[in-house]
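Computed from a predicted structure; not experimentally measured.
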Amino acid sequence: MNLSFEKRQSYLLLGITLIFLVVGELSLSEQVKHVTFSFHIPLIFAVAGYIWGRRPSKKALYRYAKISIGAYGVCRIGYLAVQLWNSVFYSAGADGVEILKDWMTVTFWGMSNSSTILPSVKSVGLVWILPSVLISGIIGAVIIRLVRTPFFQAIAVASFSIMGMWMGHHIGFLPFSLDVSMACVPLIWTGYMVRNQYWRKKIEQPRCALFFAMCWLFLVKWGGLDLEVRSYPNGIIGIFCSVAACIVIINIVKEFRLPDVLRIPLEWGGKHFVIFLGIHCIVRDFAPWATNMVSAPIMIQLLVEILVACAVCALSVLIKHYTTCFLQKNDWRERIYLFILGAY
């Protein structure tokens with residue numbers, strides 16, 4: 001199947017983001033972490049805005065809503081299966097009913113970290129990104145449709161971002177990371193700008209591109225965004241640093257063609273981004289070897305996690321293919337199955 005140029009770029013950007021999501025949790029120097037955190041999760045928001053096109057439509061938002069909700073559900077069900085398996089076979093006296101109740105509570109609230117309002121609710125892991133991007137995209141789409149003038153769009157986007165940061169710091173971490181979704185509206189708007197004809201002409205000018213690159217390099221020394229714990233260095237300036245980073249990276253990917261030996265695996269990883277994200281969450285919480293490898297060289301840690309994720313991903317793609325073929329004669333079953341596997 002021939003993919004459109006924009007879709008291939010989106011997969012490539014998600015593949016690059018996936019690598020840095022894993023790298024961000026390894027034992028790195030503080031300065032390298034600052035650079036990594038300035039774009040590794042923000043780029044996911046920016047790519048979502050980029051995918052929705054020059055003007056976000058109801059159809060694009062509905063399609064992403066269906067994919068993100070289905071993907072979130074699949075990731076959480078997979079997590080529950082591993083948790084029950086681990087508790088029943090490896091933990092003496094584990095109560096499956098309590099585990100299920102706890103899982104339902106955590107899944108329902110969708111927190112990215114412990115809340116000051118709901119301290120008993122644990123984090124759902126990195127899959128908090130999926131509903132958060134959806135909420136942020138809806139807010140961004142409403143702003144773009146209601147506010148026509150680019151200048152006032154920027155004012156509205158910055159206002160939502162400041163409000164989200166204030167809520168996260170002074171009220172508490174909100175369900176489904178609503179405060180983060182509001183804070184990250186500028187990142188959604190960044191992806192929209194890169195695709196929009198009016199903004200694209202301005203961003204692609206050499207002086208403008210150099211300005212964003214210099215802003216990123218200058219501001220990143222204060223640290224990158226750690227959205228999971230609501231760390232925004234210098235407030236809205238930290239968000240602007242991530243906006244500049246996303247613009248620079250998207251423009252680099254658009255202008256420079258990677259060798260096929262790098263491009264094809266990254267595009268494949270981006271296409272199955274949600275599967276890798278779910279596997280990474282499970283490995284981080286349940287795999288004992290992941291804890292034991294903390295002292296191993298960084299490249300070895302990264303390589304082992306990539307190999308495990310690729311093996312599980314390849315297996316899941318095969319299961320999906322053969323199960324879809326098996327269910328083709330039952331239309332209603334196939335629809336339910338494809339909705340649940342919307343992540344694919």
Side-chain angles (χ1 to χ4, degrees), residues 6 9-10 12-21 23-24 26 28-51 54 136 140 143-144 149-162 164-165 180 182-227 230-258 262-263 266:
E6 287 81 8
Q9 283 183 333
S10 302
L12 183 58
L13 286 165
L14 285 175
I16 293 170
T17 303
L18 193 63
I19 297 294
F20 281 99
L21 275 175
V23 168
L26 302 181
L28 301 172
S29 66
E30 200 64 27
Q31 195 59 39
V32 174
K33 278 202 171 186
H34 284 176
V35 176
T36 303
F37 275 66
S38 68
F39 69 87
H40 75 322
I41 290 180
L43 192 57
I44 299 172
F45 287 84
V47 170
Y50 183 81
I51 290 171
R54 295 173 179 82
S136 190
I143 291 173
I144 291 167
T149 310
F151 174 77
F152 289 109
Q153 280 183 3
I155 297 294
V157 163
S159 300
F160 266 95
S161 184
I162 293 169
M165 286 186 283
V180 176
M182 294 174 65
C184 290
V185 170
L187 301 170
I188 290 282
W189 193 57
T190 300
Y192 160 74
M193 283 195 305
V194 176
R195 281 286 296 276
N196 182 274
Q197 190 173 2
Y198 172 83
W199 289 105
R200 190 177 63 206
K201 289 180 180 179
K202 296 181 179 296
I203 291 171
E204 290 179 350
Q205 292 178 1
R207 286 180 297 179
C208 191
L210 181 62
F211 168 74
F212 282 115
M214 294 301 294
C215 286
W216 180 24
L217 294 174
F218 177 73
L219 296 174
V220 77
K221 66 181 180 180
W222 281 289
L225 300 181
D226 194 348
L227 298 175
R230 279 59 167 185
S231 173
Y232 309 101
N234 296 323
I236 195 68
I237 297 175
I239 296 285
F240 178 73
C241 174
S242 292
V243 166
C246 291
I247 289 174
V248 170
I249 292 169
I250 291 174
N251 281 334
I252 289 173
V253 171
K254 285 174 63 179
E255 295 298 327
F256 297 96
R257 180 179 173 82
L258 287 174
L262 293 176
R263 179 182 59 80
L266 286 172

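- Counting heavy atoms from C-beta outward, Leu18 and Leu14 have side chains that stay 4.5 Å or more apart.
- Summarising the geometry, atom CG belonging to Asp226 is positioned 10.0 Å from atom NE2 belonging to His34; distances are rounded to the nearest 0.5 Å.
- Under the side-chain hydrogen bond (donor to acceptor under 3.5 Å, both in side chains) criterion, Arg257 pairs with Asp260, sequence neighbours left out.
- By the 4.5 Å heavy-atom criterion applied to side chains, Ile41 and Leu225 are not counted as neighbours.
- For Val35, the side-chain contact (heavy atoms from CB on, under 4.5 Å) partners at least two apart in sequence or on another chain are Phe39, Trp216, Val220.
- Rounded to the nearest 0.5 Å, atoms OG1 (Thr36) and CG (Leu21) are 10.0 Å apart.
- The line from CZ of Phe20 to CD1 of Ile249 is 7.5 Å long, rounded to the nearest 0.5 Å.
- Remark: Leu210 engages Met214 in a side-chain contact (heavy atoms from CB on, under 4.5 Å) (not counting sequence neighbours).
- In terms of heavy atoms, Val157 sits closest to Pro186 at CG1-CA, 3.3 Å.
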I'd like a table of donor-acceptor pairs (distance under 3.5 Å, sequence neighbours excluded) in which one partner is a side-chain atom from residues 231-246, with atom names and distances.
unit_1	atom_1	unit_2	atom_2	d
Ser242	OG	Ser38	O	2.8

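- For the atom pair CD1 of Ile143 and OH of Tyr192, the computed distance is 11.5 Å after rounding to the nearest 0.5 Å.
- Taking all atoms of both residues into account, the shortest heavy-atom contact from Phe45 to Leu227 is CE1-CD1, 4.1 Å.
- In this structure, CG on Leu187 lies 10.0 Å from CD1 on Ile247, to the nearest 0.5 angstrom.
- Between the CE atom of Met182 and the CD1 atom of Ile162 there is a distance of 11.0 Å, given to the nearest 0.5 Å.
- When the ring pair (Phe, Tyr, Trp, His ring centres under 6.0 Å) test is applied to Phe218, the partners found at least two apart in sequence or on another chain are Trp222.
- Annotation: side chain to side chain donor-acceptor pair (under 3.5 Å) contacts involving residues 152-161, sequence neighbours excluded, comprise Gln153-Trp189.
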